[in-house]
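Input: a single structure, listed below in structure tokens.
Along the sequence shown, the residues carry numbers beginning at 1. Order of listing sets the numbers, starting from 1, for every ligand and every atom in it.
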Amino acid sequence: MYTPTPPMGWNSWNTFGPMPTDRLIRETADAIVALGYREAGYEYVIIDDGWMLRERDENGLFVADPEKFPYGIGALADYVHGKGLKLGIYSCAGTRTCARYPGSFDHEFSDAKQFAQWQVDYLKYDFCNFPKSAKGRQRYQTMSMALRACGRDIYFAACNWGLESPETWMRSVGANSYRSTPDILDNFPSAAEIAQSQLNLLHCSAAPCFNDMDMLTVGMFGKGHVGLNDPNNKALAACMEQDYVTQFALWSCMGSALIIGADVRSISDSMRRLLQNRELIAINQDAECRCPYLVYHEGAQFCFLKHMSDHTVTLVYANLSDEETEVDCIFADLGLPCTSGVRLRLRDVMTGEDEGVFSDHHPLEIPAHGCRVFRGSFVPA
Ligand code: GAL
């Protein structure tokens with residue numbers, strides 16, 4: 001059984017690509033604790049692609065690359081557990097991973113057993129090099145059965161990039177989260193496109209299986225594997241702080257998994273404060289985990305409302321365009337017509353300031369690439 005809220009953690013891919021090492025994972029676990037990330041809720045330290053040797057051993061088992069992981073994965077899991085954190089690992093439903101290391105196709109049960117023996121807590125399960133004759137839905141089901149039979153609670157983080165409408169079947173195969181998007185790159189258009197692609201899937205992110213909008217790029221500023229050096233990253237400029245604020249606010253409020261992709265050992269103070277913003281995290285981790293209600297979506301602008309378990313609402317306005325804009329939200333669109341006499345007291349979540357008490361409508365400005373988040377409480381008639 002898992003806490004029925006979106007998973008929070010860190011993953012090696014965005015910054016380190018296929019080069020995770022024992023030292024990196026230990027230092028990251030240390031930093032997650034020392035710099036307050038654990039306290040803020042980040043729990044999983046996830047080794048992505050590139051941790052194993054190119055071939056399995058004579059018994060068909062994975063071999064952790066002895067140069068990258070000289071003490072083995074089991075010893076690393078002990079270290080991570082000693083820090084009060086959990087260890088995640090990566091494999092693939094295909095015959096090879098995306099970086100062409102061995103995949104779990106037809107090895108599901110022995111691989112799950114090996115992960116359990118190593119005391120692994122989380123499996124990211126990718127979709128590269130998947131045989132055309134095989135069925136994705138069925139192979140995710142097979143790995144799910146293998147994980148449930150392996151004798152250990154292992155969080156099943158499926159990652160088929162949103163292909164084959166996973167929102168219609170990932171829940172039924174027992175996944176705990178599933179990537180609902182293609183790979184993120186560290187530029188604003190990439191994050192904006194991902195956020196907009198989720199608007200008609202908002203109703204799908206709910207306990208016990210959450211949309212994973214991909215690892216955050218917050219705090220990378222162009223450095224790292226999916227940064228400006230990535231040949232797929234055609235952006236000319238790295239993200240600005242505002243871009244990251246919008247990304248983190250959207251991922252939090254849309255109910256996505258919150259998996260940091262930057263190097264936590266060196267994230268700037270302001271980006272650390274953003275990633276540890278208690279209010280945004282509390283919205284993401286709300287006990288009821290309600291999926292948001294889309295109020296409007298016009299071009300690069302949209303607004304949604306999320307019902308919170310304490311009978312307040314979270315109101316999110318996004319403007320992903322390059323121009324500042326003014327909007328006037330009509331409360332009838334929120335289900336609050338003026339005839340109700342009920343007003344909303346709004347507090348700006350990002351600044352902590354009181355916005356005032358509003359009836360009928362709420363006019364506001366949203367900066368370019370901006371997102372404004374309000375917590376609203378009802379003021380009865
Ligand atoms: C991709 C996946 C990325 C990363 C990479 C590793 O398919 O979406 O998040 O895991 O593979 O090769």
Problem set entry | Separation between OG of S252 and CG of D286, rounded to the nearest 0.5 Å | 12.5 Å

Exercise. Which protein residues have a heavy atom closer than 4.0 Å to any atom of ligand 1, listed by chain and number?
Worked result: W13, D48, D49, Y90, C98, A99, K124, D126, C159, W161, R179, D183, M215

Exercise. Does the N11 side chain pair with the main chain of W13, one donor and one acceptor, at a distance under 3.5 Å?
Worked result: yes

For this session: Kindly say whether L275 contributes a backbone atom to a donor-acceptor pair with the side chain of Y42 at under 3.5 angstrom?
Result: yes

For this session: Could you point out which residue of T312, D310, V313 forms a side-chain contact (heavy atoms from CB on, under 4.5 Å) with S377?
Result: T312

Problem set entry | Those residues that, when tested against R139, pass side chain to side chain donor-acceptor pair (under 3.5 Å) (two or more places apart) | D106, E108

Exercise. Hey, is C92 close enough to C98 that the SGs sit under 2.5 Å?
Worked result: no

